[in-house]
Engineer: 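One structure, as structure tokens, below. Some questions next.
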Number of protein chains: 2
Amino acid sequence: MKALKIPEATITRLSIYSRFLKRLDKKGITTVSSGDIAEGVGVSPAQVRKDLAYFGEFGTRGVGYNVKDLIRYTVKILGLSEPWNLVMVGAGNLGSALVTYREFKDRGFTIVGVFDNDLTKIGKRIADLEVLPLEDLPRVVKENNVRIGIIAVPAKAAQEIADIMVKAGLEAILNFAPISLNVPDHVEVRNVDLSVKLEILTFNLALREK
Amino acid sequence: MKALKIPEATITRLSIYSRFLKRLDKKGITTVSSGDIAEGVGVSPAQVRKDLAYFGEFGTRGVGYNVKDLIRYTVKILGLSEPWNLVMVGAGNLGSALVTYREFKDRGFTIVGVFDNDLTKIGKRIADLEVLPLEDLPRVVKENNVRIGIIAVPAKAAQEIADIMVKAGLEAILNFAPISLNVPDHVEVRNVDLSVKLEILTFNLALREK
DNA sequence: AAAGTAATGTCATAAGATTCACAAATGCCC
DNA sequence: GGGCATTTGTGAATCTTATGACATTACTTT
């Protein structure tokens, strides 16, 4: 795989292409063009080809791409050839919803532990998991080779959770709390901010009134 | 407000600055520099100033920004001076979690109706709302001046819901289904994809092995 | 088998976003 | 009240990302 720097936007789109392709495959479609993909996910055909070109030549000129092959390639590129175990911290409404979120499972993610420090939540069952106290996190991480943690707690508790995750040896954190986390350089963080996109919509609607 | 085109990334950051500032305000901090904001949210100081500069001059040279004033400005820019009523379609785990999501309320969003077409969910209560059948959506939209809808249904049902929302006169859609929606140009759509960011993490972790 | 059509891969170009660097303005200290 | 510290606002420069255009390759049809 090339060493040159890949735009994060490319990875984002690759993830979207990958899922779109799986849907095509399920419909029995075997060949697809960059134009088809582009139309299906809302980007330009040149963009699709460019994104794929970072990683190799996967298509056939005059023909297009083999759907199954391209799925395999995108999955490989995204690091999803092998399944991933995750831990979730936060057993509130959002945390619970994410634990049972079908799309995660479909993409090869398995949540192997749910944690909270709220005594009213510990012991509760979510899907087939029992909510455990935070002290158990390091053990579960070790036992299941977990490298990625998800944070779904209120903003004010998030940094403390991040610290615990770092100490437990996690290498990456997906953060749903609307706050920027402080972690060492060797830990990757990505934030999913649920209200930002909503505010982009209100910004745009407000503009219309002008 | 300027007519020139604002990068969407700027709006995204503005939303983040705005919430960061509210947190400072709650702590009693009255003045803040672009450097403080930058550090707090993880961008460069120049970026903060540049983002604000699209909309006016809000600071005082040699001093910084007045926190309360800047909150007012960012809220105004984002179109959040007045509260927004929303409708939610999808009363599954994710939809339910979003209906009770505190951050939405804090930013001035009120969900005034939750809809589903699953008979086992209709009639269920989420927070203080009763889940209604989809037929009731147009009425609730009209009665509450709703302009924005949220979709939290499985991918295969999402387009149908989008069509219903468009027909009901909604102007913007926040889509949590991992699929690209087809809507007329006058309807704004933004997708929140819960697994894309996770796959950026796996991509990066997979790179490390190289 | 030649001509026509389709679609990739990629180089060149254009567009867009971020960073730099500094003049201008403010407050503070001696 | 003059000089020093700060910190904004911004035009220019840089870096990054997306688009355009086309040569190349493959398939299809006659």
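Each chain gets a letter, A, B and so on, in the order its sequence line appears, and its residues count up from 1. Computed from heavy atoms alone, side chains included, the values below leave out hydrogens, waters and symmetry copies. Bear in mind the structure is a predicted one, so any value in this text is a computation, not a measurement.
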Engineer: Is the shortest side-chain N/O distance from Q47(A) to OP1 or OP2 of dT17(D) below 4.0 Å?
Structural biologist: no
Engineer: Any side-chain N or O of S33(A) under 4.0 Å from OP1/OP2 of dA7(C)?
Structural biologist: no
Engineer: If I take atom CG in residue D36(B) and atom C1' in nucleotide dT8(D), what distance separates them, rounded to the nearest angstrom?
Structural biologist: 13 Å
Engineer: Given atom CG of L52(A) and atom P of dA18(D), what is their separation to the nearest angstrom?
Structural biologist: 14 Å
Engineer: Please list all pairs passing the salt bridge (charged side-chain N to carboxylate O under 4.0 Å, His left out) test where one or both residues lie in residues 6-28 of chain B, with sequence neighbours left out.
Structural biologist: D193(A)-R19(B), E8(B)-R190(B), R13(B)-D51(B), R19(B)-E103(B), D25(B)-K68(B)
Engineer: Of A46(A) and A46(B), whose nearest nucleotide on DNA chain D comes first from the 5' end?
Structural biologist: A46(B)
Engineer: Counting side-chain heavy atoms from CB outward, which of dT8(C), dA12(C), dT17(D) is closest to K50(A)?
Structural biologist: dA12(C)
Engineer: How many angstroms lie between atom CZ of F55(B) and atom CD1 of I77(B), to the nearest 0.5 angstrom?
Structural biologist: 5.0 Å
Engineer: Using a strict threshold of under 4.0 Å (side-chain N to carboxylate O), is an ion pair present between E209(A) and R147(B)?
Structural biologist: yes
Engineer: Grab the CD-P distance between E57(A) and dA7(C) for me, whole Å please.
Structural biologist: 18 Å
Engineer: Heavy-atom count check: over 12 atoms from other residues, nucleotides or ligands less than 6.0 Å from E39(A) CD?
Structural biologist: no
Engineer: Is a side-chain donor or acceptor of D36(A) paired with a backbone partner of S33(A) at a separation under 3.5 angstrom?
Structural biologist: yes
Engineer: List the atom of L194(B), the atom of F104(A), and the distance in Å for their closest heavy-atom pair.
Structural biologist: O-CE2, 3.6 Å
Engineer: Without swapping roles, check the side chain of N85(B) against the backbone of N144(B) for a donor-acceptor pair under 3.5 Å.
Structural biologist: yes
Engineer: Would you mind writing out the side-chain donor-acceptor pairs for residues 87-97 of chain A within the sub-3.5 Å range, not counting sequence neighbours?
Structural biologist:
from, atom 1, to, atom 2, distance (Å)
N93(A), ND2, T100(B), OG1, 2.9
S96(A), OG, A91(A), O, 3.3
S96(A), OG, G92(A), O, 2.6

Engineer: Indicate whether OP1 or OP2 belonging to dG9(D) is found under 4.0 Å from a side-chain N or O atom of Y65(B).
Structural biologist: yes
Engineer: Measuring from the side chain of P7(A) (C-beta onward, heavy atoms only), which nucleotide among dT17(D), dG9(C), dA21(C) has the closest atom?
Structural biologist: dT17(D)
Engineer: Taking only distance into account, with no hydrogens and no angle test, what donor-acceptor pairs under 3.5 Å do side-chain atoms of residues 177-185 of chain A form with protein atoms, sequence neighbours excluded?
Structural biologist:
from, atom 1, to, atom 2, distance (Å)
S180(A), OG, G40(B), O, 3.4

Engineer: Quick check on dT7(D): is either OP1 or OP2 less than 4.0 Å from any side-chain nitrogen or oxygen of S34(B)?
Structural biologist: no
Engineer: Using atom CD of E8(B) as one end and atom P of dA18(D) as the other, report the distance to the nearest whole Å.
Structural biologist: 13 Å
Engineer: Nearest-Å distance, CD1 (I6(A)) to C1' (dA18(D))?
Structural biologist: 15 Å
Engineer: Could you list the protein-to-nucleotides 25-30 of chain C atom pairs, N/O on both sides, closer than 3.5 Å?
Structural biologist:
from, atom 1, to, atom 2, distance (Å)
dT26(C), O4', R61(B), O, 3.1

Engineer: Tell me the interatomic distance from L70(A), atom CG, to dA7(C), atom P, rounded to whole angstroms.
Structural biologist: 15 Å
Engineer: Taking any strand in view, what nucleotide pairs with dA13(D) in a Watson-Crick or G-U wobble way, both distances under 3.5 Å?
Structural biologist: dT18(C)
Engineer: Heavy-atom contacts under 4.0 Å between residues 9-23 of chain A and DNA chain C, which residues?
Structural biologist: none
Engineer: How should the glycosidic conformation of dA23(C) be described, syn or anti, under the criterion that syn lies within 90° of 0?
Structural biologist: anti
Engineer: With sequence neighbours left out, what residues match E160(A) under salt bridge (Lys or Arg N to Asp or Glu O under 4.0 Å)?
Structural biologist: none
Engineer: Given atom CZ of R49(A) and atom P of dT19(D), what is their separation to the nearest angstrom?
Structural biologist: 12 Å
Engineer: What is the pairing partner of dT26(C), taking Watson-Crick or G-U wobble pairs with both distances under 3.5 Å in any strand?
Structural biologist: none
Engineer: Taking atom P of dA26(D) as reference, at what distance in whole Å does atom CG of N66(A) sit?
Structural biologist: 16 Å
